[in-house]
Q: 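Structure incoming, see below.
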Amino acid sequence: MCGTCGCNKPEHSSEAAHSHDEHHHHHGDVSHEHHQHEHSGDTRLINLELDILAHNNAHAAENREWLNKRGVVAINIMSSPGSGKTTLLEKTLSKIGDKYKTAVIVGDQKTDLDAKRLQMSGCNVVQIETGELCHLDAAKVGAYFDKVVSNETKLLIIENIGNLICPASFDLGEHKRVTLLSVTEGEDKPLKYPAMFSRSDVVLLTKSDLLPHLDYSIEVCQERIHSLTPQAEVIVLSSSSGSNFDLWLDYLSRLVEEGSHTSSR
Amino acid sequence: MSLAMAVLDQVGEVLSREGSPMLLEIHLSVGVLSGIDKDALQFGISLALENSPYKTADVFITEEPLIISCRKCQNQSQLSELNLCCLHCDSTDVSTLSGRDLRIQFLKVS
């Protein structure tokens, strides 16, 4: 079971754990740990304040540095399943693929269906099948950089696994986080998934062509998004009708042109 | 890597460096904005412990509050609601000081 949503079986190598009659203390050479020992009878406390995601964050920092050295801007696109990530990317690649050399890493639990769709654009696309894992992590993504990023690449798009929960916690080394939320999902999702939306630099409210058929308030949804991430850019668009799609493309162009290499977190 | 596995891997590393004492308790803190559900994590770790040398260890998870710092008035606010707005001046120009992390606070061993 994944520790957050129950999607992966844990495999753990066995370690001998045995008690000692004497106290043997030695401190490892790890800069981010603080070892303080308190003794009470036969038990003691080992104070750590250890960030569980430190390993992933270290990999993410390495990824970001790797991309910065090559002048590549990376975006991490996240959403629930069916919000329109792949359709958005199909249209995006068709519009900007000739202007900026773009590479794509796609994450899914199973199949390479999305990668095959996006490969039709002619861009370098690679699929990561995560099996039972419901999110990408920095180490996994970084291992594919050499396979998909060339000397001419300006933009790397990472299409994360459809999941509004776990991907929020994992920095992949991206420069910007883009979260999709289709108008069919309702206005309450930002409040229900605050970790995801509070970390978003851009929120795309997709499938806006369906608005005439819905009881939906863009203003309410925007207000809720901005209560969590006041600085986020919100774009209401439709990949199928093309409504406001130019705003999204303009954003990407600004990002690439400015070579935005500063982390948003 | 699943978070439960990450917790146990980190615990194993620490115990190995500490002379492999018997693990009694794992104390974690989960930030309210971490995206991690406490109950799901508790379940995942319990399941992972069953397949580890630490199956008798207890797990305690506390919630790390959301504390922000206002860039406008320089005050800090502890938020009970997920509305990133300074409680002193209503500015939204804030940074998050705590509430996003998953930490191993301490281990109890013998």
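A note on names: the letters A, B, ... follow the listed sequences, proteins ahead of strands, and every chain is numbered from 1.
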Q: In the structure I gave you, are the side-chain heavy atoms of Ile104(B) and Ile52(A) within less than 4.5 Å of one another anywhere?
A: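 In short, these two side chains touch, coming nearer than 4.5 Å.
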Q: Can you tell me how far apart CG (Asn83(B)) and CD (Glu223(A)) are? Round to the nearest 0.5 Å.
A: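 So the gap between those two atoms works out to 9.0 Å.
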Q: Go through it in stages, so that I can follow the logic: the residues are Thr43(A) and Val109(B), the test is side-chain contact (heavy atoms from CB on, under 4.5 Å), and I'd like the CA-CA distance, side-chain angles, deciding distance and then a yes or no.
A: CA-CA 6 Å; Thr43(A) 66; Val109(B) 300; over 6 Å; no
Q: Side-chain contact, heavy-atom cut-off 4.5 Å: Glu18(B) with Ile46(A)?
A: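 Counting from C-beta outward, Glu18(B) and Ile46(A) do come under 4.5 Å.
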Q: Where on Leu24(B) is there a heavy atom nearer than 4.5 Å to chain A: the side chain, the backbone, both, or neither?
A: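 Leu24(B) touches chain A through side-chain heavy atoms alone.
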Q: Can you measure from SG (Cys166(A)) to CG (Leu3(B)) and round to the nearest 0.5 angstrom?
A: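 With rounding to 0.5 Å, SG (Cys166(A)) is 7.0 Å from CG (Leu3(B)).
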Q: Yes or no on side-chain contact (heavy atoms from CB on, under 4.5 Å) for Leu48(A) and Phe106(B), after CA distance, side-chain angles and deciding distance?
A: CA-CA 5 Å; Leu48(A) 296 172; Phe106(B) 63 92; 5.8 Å; no
Q: Quick one: does any side-chain atom of Ser169(A) pair with a main-chain N or O of Ser34(B) as donor and acceptor, under 3.5 Å?
A: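 Checking the backbone N and O of Ser34(B) against the side chain of Ser169(A), a donor-acceptor pair under 3.5 Å is found.
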Q: Is there side-chain contact between Ser227(A) and Glu81(B), with heavy atoms separated by less than 4.5 Å?
A: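 Not touching, per the 4.5 Å side-chain cut-off.
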Q: Would you compute the distance between atom NE2 of His27(B) and atom CG of Asn47(A) and round it to the nearest 0.5 angstrom?
A: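 Nearest 0.5 Å value for the NE2-CG distance: 10.0 Å.
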Q: Sub-3.5 Å donor-acceptor pair from the side chain of Arg103(B) to the main-chain atoms of Glu49(A), do we have one?
A: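 Flag set: sc Arg103(B) to bb Glu49(A) pair under 3.5 Å.
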Q: Go through the steps for Leu45(A) and Leu107(B) under the test side-chain contact (heavy atoms from CB on, under 4.5 Å), then give the verdict.
A: CA-CA 6 Å; Leu45(A) 303 183; Leu107(B) 306 177; over 6 Å; no
Q: Would you compute the distance between atom OG of Ser198(A) and atom CG of Leu84(B) and round it to the nearest 0.5 angstrom?
A: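 The OG atom of Ser198(A) sits 6.5 Å away from the CG atom of Leu84(B).
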Q: Taking the side chain as every heavy atom from C-beta outward, state whether Arg100(B) and Arg199(A) have any pair of such atoms under 4.5 Å apart.
A: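 Counting from C-beta outward, Arg100(B) and Arg199(A) do come under 4.5 Å.
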Q: Hey, does Leu82(B) have a side-chain heavy atom less than 4.5 Å from the side chain of Leu228(A)?
A: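 Sidechains of Leu82(B) and Leu228(A): in contact.
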Q: With a cut-off of 6.0 Å (strictly less than), are more than 12 heavy atoms of other residues, nucleotides or ligands near CD of Gln231(A)?
A: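 Result for CD/Gln231(A): enclosed.
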